[in-house]
Amino acid sequence: MDDMRNTSAPLYGKAEPATTKTTMSVREMRQLLGLGKTDSYWLLHKNLFEVILINDKRRIVISRFEKWYANQVKYHKVNGSPPGEELCKRSYSVPDTAEILKVKPETIYTLIRQGKLKTETTDFCMRIPKEEFERWYRSQSRYRTAADRERDREIEAQTISIPEMAKLLGIPRKNVYGILDCKKYRDFFVIERVADRPRITKKSFKAWLKSQSTYQLQKSKKETHEEPPLKLQCPKNGKYYSFQEIQAFYGISRPTLDSWVLKEGIPTMKLGRVKRIQKDAFDEVLKSKRKVEEDV
């Protein structure tokens with residue numbers, strides 16, 4: 001029989017007559033965590049929290065139990081607060097870190113294997129200390145948090161990349177690096193970095209462009225115009241196309257034509273030795289697949 005019964009606040013089952021309950025029995029702990037008898041005694045065996053003897057009965061010190069509970073995530077109370085409150089304040093799980101950076105968990109495990117992110121293990125769970133995460137994050141610029149991605153978008157709107165500058169000037173990318181390193185021009189450019197890549201502010205690029213006459217903006221190439229719509233043609237027969245006529249009129253290959261006949265159910269017939277395709281039916285299919293101006 002457990003010692004010290006009668007209490008007005010049975011938070012952990014039957015308890016002590018003291019105003020504030022300070023210990024609980026192993027059975028109470030087992031019920032609190034929804035564990036079997038073997039698992040509960042296994043927890044005691046690992047010495048994760050303080051256990052004392054009262055009248056030859058083992059009692060668990062509640063304050064030490066709660067401290068352990070707040071620093072692990074493996075065990076959950078049946079009814080009560082979620083575990084790991086203190087643990088989550090000082091560290092991230094791998095999925096948490098992946099969500100912060102909007103990457104796959106596999107990416108985080110790769111960074112860990114490469115020694116870039118240090119971890120600690122709590123109850124067989126790998127955790128990344130927040131201090132360690134911040135140290136690593138400040139040391140690189142490839143991976144970004146949501147707040148930094150928003151800031152990056154603002155920078156990108158006010159800058160151009162090296163390939164963009166090369167395209168604007170109509171020169172190879174290596175020449176752009178030569179311009180940026182040139183003593184004559186280097187003071188004009190203001191460089192920002194986004195995801196470890198240099199970007200030139202549009203304002204400094206325009207100032208440099210006006211300061212010299214060697215390089216000029218290239219005129220943009222006219223966009224390719226859409227092909228004019230096809231005009232329907234009249235077959236020699238009047239009501240039926242030959243396969244050769246369709247290929248000549250509309251540039252449709254024989255395999256494509258055979259596929260259309262089969263899939264669209266275009267009627268065909270043999271006139272003499274030549275297989276022909278019904279004009280009206282084919283024209284309707286052609287209109288649905290290509291731009292057609294008018295029937296002749």
Side-chain angles (χ1 to χ4, degrees), residues 29-51 60 63-164 166 173-174 177 191-200:
M29 182 268 288
R30 183 165 66 244
Q31 293 173 342
L32 185 64
L33 297 178
L35 299 177
K37 190 172 183 180
T38 301
D39 289 336
S40 63
Y41 279 99
W42 174 244
L43 276 181
L44 297 182
H45 177 73
K46 291 196 289 185
N47 296 319
L48 298 172
F49 35 76
E50 186 177 359
V51 178
I60 298 164
S63 61
R64 298 299 180 88
F65 173 86
E66 292 294 349
K67 183 176 181 180
W68 162 79
Y69 186 75
N71 284 280
Q72 60 84 46
V73 291
K74 183 177 180 180
Y75 297 93
H76 296 248
K77 292 179 180 178
V78 174
N79 294 303
S81 59
E85 182 179 354
E86 292 299 324
L87 183 65
C88 293
K89 285 180 180 179
R90 70 171 190 273
S91 66
Y92 297 120
S93 68
V94 169
D96 289 341
T97 308
E99 177 62 26
I100 290 170
L101 299 176
K102 297 300 180 185
V103 298
K104 294 181 179 180
E106 289 78 8
T107 301
I108 305 303
Y109 284 118
T110 298
L111 291 171
I112 292 170
R113 286 195 299 271
Q114 292 173 345
K116 295 178 180 179
L117 273 174
K118 295 181 180 178
T119 63
E120 61 183 26
T121 302
T122 303
D123 282 345
F124 305 103
C125 295
M126 187 182 292
R127 307 284 301 185
I128 300 168
K130 290 186 177 180
E131 288 184 1
E132 168 60 24
F133 175 81
E134 293 298 332
R135 178 205 62 76
W136 165 80
Y137 187 76
R138 289 192 299 269
S139 71
Q140 57 82 50
S141 58
R142 178 179 178 183
Y143 301 97
R144 316 300 287 161
T145 63
D148 283 342
R149 280 194 297 274
E150 183 62 34
R151 184 182 66 83
D152 289 346
R153 280 192 286 271
E154 293 176 3
I155 294 175
E156 287 172 352
Q158 299 170 11
T159 59
I160 58 174
S161 66
I162 301 294
E164 286 171 336
R173 193 181 305 183
K174 64 180 181 179
Y177 287 108
I191 307 296
E192 300 279 358
R193 299 192 75 85
V194 175
D196 250 359
R197 293 185 176 90
R199 295 182 66 87
I200 303 109

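This one's a predicted model, so the numbers in the text were calculated from it and none came from an experiment. Computed from heavy atoms alone, side chains included, the values below leave out hydrogens, waters and symmetry copies.
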Give the table of side-chain donor-acceptor pairs shorter than 3.5 Å for residues 35-44, with sequence neighbours excluded, one pair per line with atom names and distance.
residue	atom	partner	partner atom	Å
Ser40	OG	Gly36	O	3.4
Ser40	OG	Lys37	O	2.7

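Crowding of Glu131 atom CD: a count of heavy atoms from other residues, nucleotides or ligands under 6.0 Å not exceeding 12.
For the pair Gln114 (side chain) and Leu111 (backbone), a donor-acceptor distance under 3.5 Å is absent. Within the 3.5 Å criterion, the main-chain N or O of His76 finds no donor-acceptor partner in the side chain of Tyr69. No donor-acceptor pair closer than 3.5 Å links the side chain of Arg127 to the backbone N or O of Thr121. Gln140 contributes a side-chain N or O that, together with a main-chain N or O of Tyr143, makes up a donor-acceptor pair within less than 3.5 Å.
Listed here is the closest heavy atom pair of Glu192 and Ile155: CB-CG2, 3.8 Å. Between Cys125 and Val73 the shortest heavy-atom distance is SG-CG2, 4.0 Å.
Partners of Glu132 according to the side-chain hydrogen bond (donor to acceptor under 3.5 Å, both in side chains) rule, which considers only residues two or more places apart in sequence or in another chain, are Arg135.
Between Trp68 and Tyr75, the ring planes lie tilted relative to each other; the angle falls in the 30° to 60° range. Taking the six-membered ring where the residue is Trp, Trp136 and Phe133 present tilted rings, their angle falling between 30° and 60°.
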- What do the steps show when you test Arg90 against Asn71 for side chain to side chain contact (heavy atoms under 4.5 Å, CB included), and what is the final call? CA-CA 10 Å; Arg90 70 171 190 273; Asn71 284 280; 2.3 Å; yes
Please test Ser91 against Ile128 for side chain to side chain contact (heavy atoms under 4.5 Å, CB included), starting from the C-alpha separation and ending with a verdict. CA-CA 5 Å; Ser91 66; Ile128 300 168; 5.9 Å; no
